[in-house]
Each structure stands twice: as C-alpha cells, then as structure tokens.
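Quantities reported herein were computed from a predicted structural model and do not represent experimental measurements. All values below were derived from every heavy atom in this structure, side-chain atoms included, with hydrogens, water molecules and symmetry-related copies excluded.
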Amino acid sequence: QKALTAIAEKDELTEWYDMFLYGTALLMAGQLVDAAEVLDTAISLQGDVSELWTQRAVVEQEQGHPETALRLLKVALELNPRSEIALLNVGYAYESLGRPGDARIAYSEYLRASSGKLAHVKPRRHVIEKLAATP
C-alpha cells in the first residue's frame, strides 16, 4: 500500500499509460475501488484505448459485477474487435453469469484471436482444458 501511494505521489500521474499501470498494480493488490478510480480517470483522458476498458472491466468482474464488466468489454471490443484479453474476459463474465453457451462462444473467439501468440500459451491451455471438460 505505502509503495503504491508513494509511486502515485512521486510521479503525479498525468498520462493514460502511467494510470493504466498504476490501476493495474492497485487491481493486483486488491485495492479495487482505487483501481477503478484511477482507470476511470485514464479513460476520461484516452477513451479510445481498448486496454483501459478491458482492465476496468476486470475490476468490475473482481467486484462481482459481471454485467457491468460485459458492458465495458463491449466498448473494448468496439475499439479493438480482436483484443485477445477482452475476448477472454467476455468468456469469464458469461461464465460468472451462468451462461455457459455464451462463454463457450467467447472462449472459442479468444482461441482464434490468440492463436500462435506466445503470450497466450498458458491462458489458451486453461481455456482448452475448460472447454474439453464441459459438454
């Protein structure tokens, strides 16, 4: 907590990317309200960046609001229809809502979009195993 506060005070976040990184750190630290505020500010500065909308959706998902997460992810996908991370999180949100058919479709779209990308090897394996385990 102290380290995160020191980073924000020292650097006086003014760029959307710095806010994205700080918001992500807050999210990872479980400080969801603060993460939401920082990411909302970043979106107000640079609302055409799909990664910001996706990360903001992750905060909502972590707070137990999958419906809100889906709305934010739709914005992210309007900005970048092939965003692997947004597609993956759409699957998670549908799964949270008890909509396995929609989750399966989103996961399949994620697998297509992330095919051949090394950064997605581990999440792809998890999704493939998840799809294989469900009828």
Q: Taking all non-hydrogen atoms of both residues into account, name the closest pair between Val59 and Ala35 and its distance.
A: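 For Val59 versus Ala35, the nearest heavy atoms are CG2-CB, 4.0 Å.
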Q: To the nearest 0.5 Å, tell me how far Leu45 CG sits from Met19 CE.
A: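 It is 4.5 Å, given to the nearest 0.5 Å.
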Q: Find out if a path of hydrophobic residues (ILVMFWY) with successive side-chain heavy-atom gaps under 4.5 Å connects Leu70 to Leu77.
A: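 Hydrophobic grouping puts Leu70 with Leu77.
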Q: Could you walk me through whether Val90 and Glu109 satisfy the side-chain contact (heavy atoms from CB on, under 4.5 Å) test, starting with their C-alpha distance in whole Å, then the side-chain angles of each, then the deciding distance to 0.1 Å, before giving a yes or no?
A: CA-CA 10 Å; Val90 167; Glu109 290 176 15; over 6 Å; no
Q: Hey, could you give me the OH/CD1 distance between Tyr107 and Ile128, rounded to the nearest 0.5 Å?
A: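 If we round to the nearest 0.5 Å, Tyr107:OH and Ile128:CD1 are 13.0 Å apart.
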Q: More than 12 heavy atoms of other residues, nucleotides or ligands under 6.0 Å from NZ of Lys130: is that the case?
A: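 Atom NZ in Lys130 is packed in, count exceeds 12.
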Q: Taking all atoms of both residues into account, what is the closest heavy-atom pair of Ala103 and Gly91, and its distance?
A: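 Of all heavy-atom pairs spanning Ala103 and Gly91, the closest is CB-O, 3.5 Å.
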Q: Under 4.5 Å between side-chain heavy atoms, counting indirect links through other Ile/Leu/Val/Met/Phe/Trp/Tyr residues: same cluster for Leu27 and Leu72 or not?
A: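 Yes, Leu27 and Leu72 fall within the same hydrophobic cluster.
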Q: OG1 of Thr54 to CG of Leu79: how many Å apart, nearest 0.5 Å?
A: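 Atom-to-atom, Thr54:OG1 and Leu79:CG are 8.5 Å apart.
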Q: Under a 4.5 Å cut-off applied to non-hydrogen side-chain atoms, are Tyr22 and Leu26 in contact?
A: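 Of all side-chain heavy-atom pairs linking Leu26 with Tyr22, at least one is under 4.5 Å.
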Q: Can you find a pair of side-chain heavy atoms, one from Leu131 and one from Leu111, that are under 4.5 Å apart?
A: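 Answer yes - side chains close enough.
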Q: Using the test side chain to side chain donor-acceptor pair (under 3.5 Å), find all partners of Thr68 that sit at least two apart in sequence or belong to another chain.
A: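 Listed in chain order: Arg71.
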Q: If you look at every heavy atom in Pro81 and Leu87, which pair is closest and at what distance?
A: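 For Pro81 and Leu87, the tightest heavy-atom pair comes out as O-CD1, 4.3 Å.
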Q: Quick one: closest heavy-atom pair of Pro123 and Leu88, and the distance?
A: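 That closest heavy-atom pairing would be CB-CD2, 4.2 Å.
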Q: Using the side-chain hydrogen bond (donor to acceptor under 3.5 Å, both in side chains) rule, collect all pairs that involve residues 39-53, keeping only residues at least two apart or in two chains.
A: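 Those involving residues 39-53 are Asp40-Arg56, Gln46-Asp48.
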Q: If you round to the nearest 0.5 Å, how far is CD of Gln61 from CG of Leu97?
A: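 It is 7.5 Å, given to the nearest 0.5 Å.
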Q: Would you compute the distance between atom CG of Leu39 and atom CD of Glu37 and round it to the nearest 0.5 angstrom?
A: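 One finds 10.5 Å between CG of Leu39 and CD of Glu37.
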Q: Would you say Ile43 ends up clustered with Leu32 if hydrophobic residues are merged whenever their side chains have heavy atoms under 4.5 Å apart, either directly or through other cluster members?
A: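 Cluster IDs for Leu32 and Ile43 match.
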Q: Which pairs with one or both residues in residues 79-94 pass side-chain hydrogen bond (donor to acceptor under 3.5 Å, both in side chains), sequence neighbours excluded?
A: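 Only Glu84-Lys117 qualify under side-chain hydrogen bond (donor to acceptor under 3.5 Å, both in side chains).
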Q: What's the separation between atom CD in Gln55 and atom CG in Leu21, rounded to the nearest 0.5 Å?
A: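 That separation rounds to 9.5 Å.
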Q: Can you tell if the side chain of Pro100 reaches within under 4.5 Å of the side chain of Glu95, non-hydrogen atoms only?
A: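 Pro100 vs Glu95: side chains apart.
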Q: Taking the side chain as everything from C-beta on, heavy atoms only, tell me whether Thr24 gets closer than 4.5 Å to Val58.
A: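 SC-SC contact between Thr24 and Val58 ruled out.
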Q: When you compare the side chain of Arg124 with that of Ser115, does any pair of heavy atoms fall below 4.5 Å?
A: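 Side chain of Ser115 against side chain of Arg124, heavy atoms only: contact under 4.5 Å found.
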